[in-house]
2 protein chains.
Amino acid sequence: MDPHLLRTYVTVARLASFSAAARELGYTQSAVSQHIAALEQDLGAPLLTRRPVTPTAAGERLLEHVGPLLLRLDAARADVARMAAAPAHGLTLAATPTALGPGILGALPAAGVTLRVLTRDEIPAAVATGTADLGLVDGLAAPSDPLRLPDVAPLTTHGVAEEPVSVLLPAGHPLAGRTGLRLGDLADARWLDAPDAALPLAQLRTAGGGGAFRPSVRYEGTDLRTLTALTAAGHGLTLLPRSTATGAAGTVAVPLTAPRVVHRTELLHGGAPSGAAAELVRRMVDGG
Amino acid sequence: MDPHLLRTYVTVARLASFSAAARELGYTQSAVSQHIAALEQDLGAPLLTRRPVTPTAAGERLLEHVGPLLLRLDAARADVARMAAAPAHGLTLAATPTALGPGILGALPAAGVTLRVLTRDEIPAAVATGTADLGLVDGLAAPSDPLRLPDVAPLTTHGVAEEPVSVLLPAGHPLAGRTGLRLGDLADARWLDAPDAALPLAQLRTAGGGGAFRPSVRYEGTDLRTLTALTAAGHGLTLLPRSTATGAAGTVAVPLTAPRVVHRTELLHGGAPSGAAAELVRRMVDGG
DNA sequence: ACGGTCGATAAGCGTTGCTGATGGAGTGGG
DNA sequence: CCCACTCCATCAGCAACGCTTATCGACCGT
């Protein structure tokens with residue numbers, strides 16, 4: 001169970017080819033073949049079918065483990081290296097688009113920060129592996145409940161903001177005049193499925209809402225502007241934190257009253273934030 | 001970052017001795033020394049101070065990673081091996097004491113089951129590494145919310161039971177006559193700290209309650225009988241699921257009305273439960 | 001039928017990683 | 001105060017591992 005063997009295993013599985021994996025990893029085809037053979041002998045079960053190269057049932061199970069495993073390994077290496085390396089000057093902050101509300105943006109220093117917009121799942125990984133110094137993740141949660149984050153590594157989290165959630169409707173929508181909406185009122189509505197830009201509907205199901213949603217258009221970008229435009233054009237409703245929902249052209253933001261969930265933003269960092277990062281953490285946590 | 005190196009690193013750190021670790025691992029002292037040297041060179045930072053042998057700051061960070069890492073590695077190996085191995089006849093079920101309520105016990109088959117009582121943290125690990133075929137974990141959660149489990153491996157969870165939570169008071173307690181109690185009413189009470197037997201108070205804080213608790217006696221066993229006896233003797237209050245709280249001699253169980261949390265039990269299993277385990281899963285999930 | 005590609009296997013060889021021995025450093029006892 | 005003991009680091013030697021090169025059988029398209 002050498003990490004090297006696991007790494008070649010995942011590349012072989014991904015490329016569905018021993019030779020291609022060898023090329024990508026800088027090995028010989030023979031070496032890759034021996035790697036896989038060694039793994040299969042070690043685990044006592046065939047992992048791949050040859051010709052075509054496809055994971056077996058056991059191989060599929062292994063694949064589910066290896067990703068997080070290698071991630072954690074990288075995280076450990078990065079975490080230790082961070083303590084030895086000289087503190088870098090630049091500070092990179094990974095965040096989801098909806099986490100960057102006005103309150104957060106106001107707390108940023110005037111210069112020296114690199115913002116990197118990532119998926120919710122990518123942010124803990126980026127912080128753990130040192131790709132980013134700090135992370136901002138947001139999501140839906142019961143009031144004062146922490147978010148459920150994948151624990152790829154021992155990360156420290158601080159809640160930095162909580163605000164109400166709004167439903168974004170096109171201006172002419174029959175419910176646009178309401179002062180508040182229950183999710184039950186919207187059982188038959190069509191929702192935009194935009195996991196990287198809006199708040200993911202799937203979180204609502206775990207956070208207490210029930211029932212199945214009917215997604216219409218799926219939007220895989222991270223631009224809030226086009227997202228609100230899609231809603232304005234009638235392609236579906238969107239769930240957004242109130243501050244980012246209000247004021248979008250052609251839309252109306254109505255507070256969500258039930259289930260009682262809030263949009264929560266959390267700041268994430270590894271063990272020992274260096275100078276500039278530590279200062280930013282202090283400012284954000286104290287401020288919020 | 002060979003797993004072997006990591007394994008010797010943790011043993012050295014645990015035993016605070018190169019030679020002792022070598023003895024335990026079946027290596028020479030020289031080999032252990034070289035392992036640590038290799039790790040330190042690979043990571044670019046000293047991990048241990050010698051004489052006395054103590055983790056450095058970087059070493060401490062590494063230690064936090066290595067435990068889960070090796071656990072996941074074992075889990076992956078066990079998971080794959082499980083698919084190749086012949087299905088065992090015996091079925092072992094790991095559970096917390098409070099998870100074994102009457103409803104659960106009734107669903108067990110008449111014979112062929114080994115029950116193993118473990119800590120909440122140990123159960124996911126046991127299921128992941130194949131030490132147990134199935135796991136039953138319980139805890140406090142908002143109604144219909146899933147529990148927060150450490151994700152040591154991709155495990156499947158099914159909610160199997162939810163029931164109200166009761167506060168266990170000694171029979172003569174001033175609040176014993178109440179029909180319901182708010183946590184606020186008990187702000188000044190003394191609580192038994194029994195993380196392995198009762199419901200851990202710490203979970204309440206994340207589940208919505210606030211404030212600090214004043215633990216009195218700490219009980220590290222898993223026997224509910226002595227736990228209720230401790231409460232009856234006035235050593236502190238205990239939080240228990242209603243069905244296990246009622247009827248204990250010398251105590252009164254009063255429902256907890258606020259915060260609105262329930263005692264939730266979840267069934268855990270790995271990817272491919274074998275015959276007997278699969279049947280038990282089906283029965284429990286359908287029944288609940 | 002035949003070149004081309006793919007993965008498995010054998011042989012050769014450099015490197016790794018172990019053992020055993022030795023040395024310097026700190027420690028406790030006589 | 002010195003000696004014996006323990007601890008970890010280091011060195012030399014050797015076996016085993018892991019890579020490459022080379023070759024083979026199987027499959028595919030032409």
Side-chain angles (χ1 to χ4, degrees), chain A residues 1-60 62-63 66 69-70 73 76-77 80 84, chain B residues 1-60 62-63 66 69-70 73 76-77 80 84:
Chain A
M1 297 273 294
D2 198 305
H4 292 255
L5 302 189
L6 296 177
R7 204 165 53 98
T8 80
Y9 172 67
V10 291
T11 38
V12 168
R14 175 165 50 84
L15 301 175
S17 157
F18 283 50
S19 323
R23 250 170 281 135
E24 179 168 320
L25 296 172
Y27 284 134
T28 347
Q29 172 265 321
S30 169
V32 170
S33 186
Q34 292 175 46
H35 277 186
I36 303 298
L39 254 185
E40 291 183 326
Q41 186 154 18
D42 181 21
L43 297 177
L47 299 172
L48 294 167
T49 67
R50 325 295 149 101
R51 226 176 303 271
V53 175
T54 308
T56 63
E60 293 278 7
L62 183 60
L63 273 180
V66 173
L69 206 55
L70 294 180
L73 213 64
R77 149 166 283 116
V80 173
Chain B
M1 297 273 292
D2 199 303
H4 292 238
L5 302 188
L6 295 177
R7 203 165 54 98
T8 80
Y9 172 66
V10 291
T11 20
V12 169
R14 174 165 51 85
L15 301 175
S17 157
F18 283 51
S19 325
R23 249 170 282 136
E24 178 168 320
L25 296 172
Y27 284 133
T28 346
Q29 172 268 318
S30 169
V32 170
S33 187
Q34 291 174 45
H35 277 186
I36 302 299
L39 253 185
E40 291 183 326
Q41 185 154 18
D42 180 18
L43 297 177
L47 299 173
L48 294 168
T49 66
R50 326 294 151 101
R51 226 177 306 271
V53 175
T54 307
T56 62
E60 293 278 7
L62 184 60
L63 273 180
V66 174
L69 206 56
L70 294 180
L73 214 63
R77 151 166 281 116
V80 172

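So that the names make sense, note that chain A is the first sequence line, chain B the second, and so on, each numbered from 1.
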A.B. asks: Tell me: CG of A:Leu48 to C1' of C:dA8, nearest whole Å?
C.D. replies: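 In whole Å, C:dA8 C1' and A:Leu48 CG are 14 Å from each other.
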
A.B. asks: Whole Å only: how far is the CD1 atom of A:Ile36 from the P atom of D:dG18?
C.D. replies: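 From A:Ile36 CD1 to D:dG18 P: 14 Å.
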
A.B. asks: Check whether any side-chain N or O of B:His4 sits under 4.0 Å from OP1 or OP2 of C:dC18, and answer yes or no.
C.D. replies: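 False: B:His4 side-chain N/O out of range (4.0 Å or more) of C:dC18 OP1/OP2.
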
A.B. asks: Round to a whole Å and report the spacing from CD of B:Gln34 to P of D:dC11.
C.D. replies: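 Those two atoms, CD and P, are 11 Å apart.
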
A.B. asks: Consider the side chain of A:Phe18, meaning its heavy atoms from C-beta on, and name the nucleotide among C:dC18, D:dC8, C:dA8 that approaches it most closely.
C.D. replies: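 When the side chain of A:Phe18 is considered, C:dA8 is the closest of C:dC18, D:dC8, C:dA8.
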
A.B. asks: From C:dG7, D:dC8, C:dC18, pick the nucleotide closest to the side chain of A:Ser17?
C.D. replies: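 Among C:dG7, D:dC8, C:dC18, the one nearest the side chain of A:Ser17 is C:dG7.
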
A.B. asks: Quick one: does A:Ser19 reach the base of C:dT5 with a side-chain donor-acceptor pair under 3.5 Å?
C.D. replies: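 Counting by modelled atom types and ignoring angles, no donor-acceptor contact under 3.5 Å is found here.
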
A.B. asks: Starting from P on D:dC8, measure out to CG on B:Leu39 and report it in whole angstrom.
C.D. replies: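 Rounded to the whole Å, the gap is 16 Å.
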
A.B. asks: Within the 4.5 Å heavy-atom criterion, are A:Leu47 and B:Val80 side-chain neighbours or not?
C.D. replies: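 Side-chain contact under 4.5 Å: yes.
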
A.B. asks: Between A:Leu5 and B:Ala31, which is nearer to the 5' end of DNA chain D once each is assigned its nearest nucleotide?
C.D. replies: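 Nearest-nucleotide comparison on DNA chain D picks B:Ala31.
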
A.B. asks: Donor-acceptor pair, distance only, cut-off 3.5 Å: does the side chain of B:Thr56 make one with the backbone of B:Pro46?
C.D. replies: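 Between the backbone of B:Pro46 and the side chain of B:Thr56 there is a qualifying donor-acceptor contact (under 3.5 Å).
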
A.B. asks: In terms of the nearest nucleotide of DNA chain D, which residue is placed more toward the 5' end: B:Arg23 or B:Ala37?
C.D. replies: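 So the residue in question is B:Arg23.
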
A.B. asks: How long is the line joining OH of B:Tyr27 and C1' of D:dA16, in whole Å?
C.D. replies: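 Spelled out: OH on B:Tyr27 to C1' on D:dA16 is 14 Å.
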
A.B. asks: Are any side-chain N or O atoms of B:Thr28 and backbone N or O atoms of B:Ser30, one a donor and one an acceptor, separated by less than 3.5 Å?
C.D. replies: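 No: the side chain of B:Thr28 does not pair with the backbone of B:Ser30.
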
A.B. asks: Please check if the side chain of B:Thr49 supplies one atom and the backbone of B:Thr54 the other of a donor-acceptor pair under 3.5 Å.
C.D. replies: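 Checked: pair present.
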
A.B. asks: Could you report the tightest heavy-atom contact between B:Leu25 and B:Arg7, atom names first, then the distance?
C.D. replies: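 Smallest heavy-atom distance, with atoms named: CD2-NH1, 3.7 Å.
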
A.B. asks: For A:Val32, answer base if it contacts any base atom (sugar-phosphate contacts may also be present), sugar-phosphate if it contacts only those atoms, and nothing otherwise; contact means non-hydrogen atoms under 4.0 Å.
C.D. replies: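 Result for A:Val32 = nothing.
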
A.B. asks: Examine the base of C:dT5 for any acceptor or donor lying under 3.5 Å from a partner atom in the side chain of A:Gln29, and report the outcome as yes or no.
C.D. replies: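 No, the side chain and the base share no sub-3.5 Å donor-acceptor pair.
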
A.B. asks: Indicate, yes or no, whether a donor-acceptor pair under 3.5 Å links the base of D:dT10 to the side chain of B:Ser30.
C.D. replies: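 A donor-acceptor contact between them is present.
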
A.B. asks: Of all the nucleotides listed (C:dT19, D:dC8, C:dA8), which has the minimum atom distance to the side chain of B:Thr28?
C.D. replies: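 Taking heavy atoms from C-beta onward, the closest nucleotide is C:dT19.
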
A.B. asks: Return the value, rounded to whole Å, for the distance between atom CG of A:Leu25 and atom C1' of D:dG18.
C.D. replies: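 To the nearest whole Å, that distance equals 15 Å.
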
A.B. asks: To the nearest angstrom, how far is A:His35 atom NE2 from C:dT9 atom P?
C.D. replies: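 My rounded result for the distance is 16 Å.
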
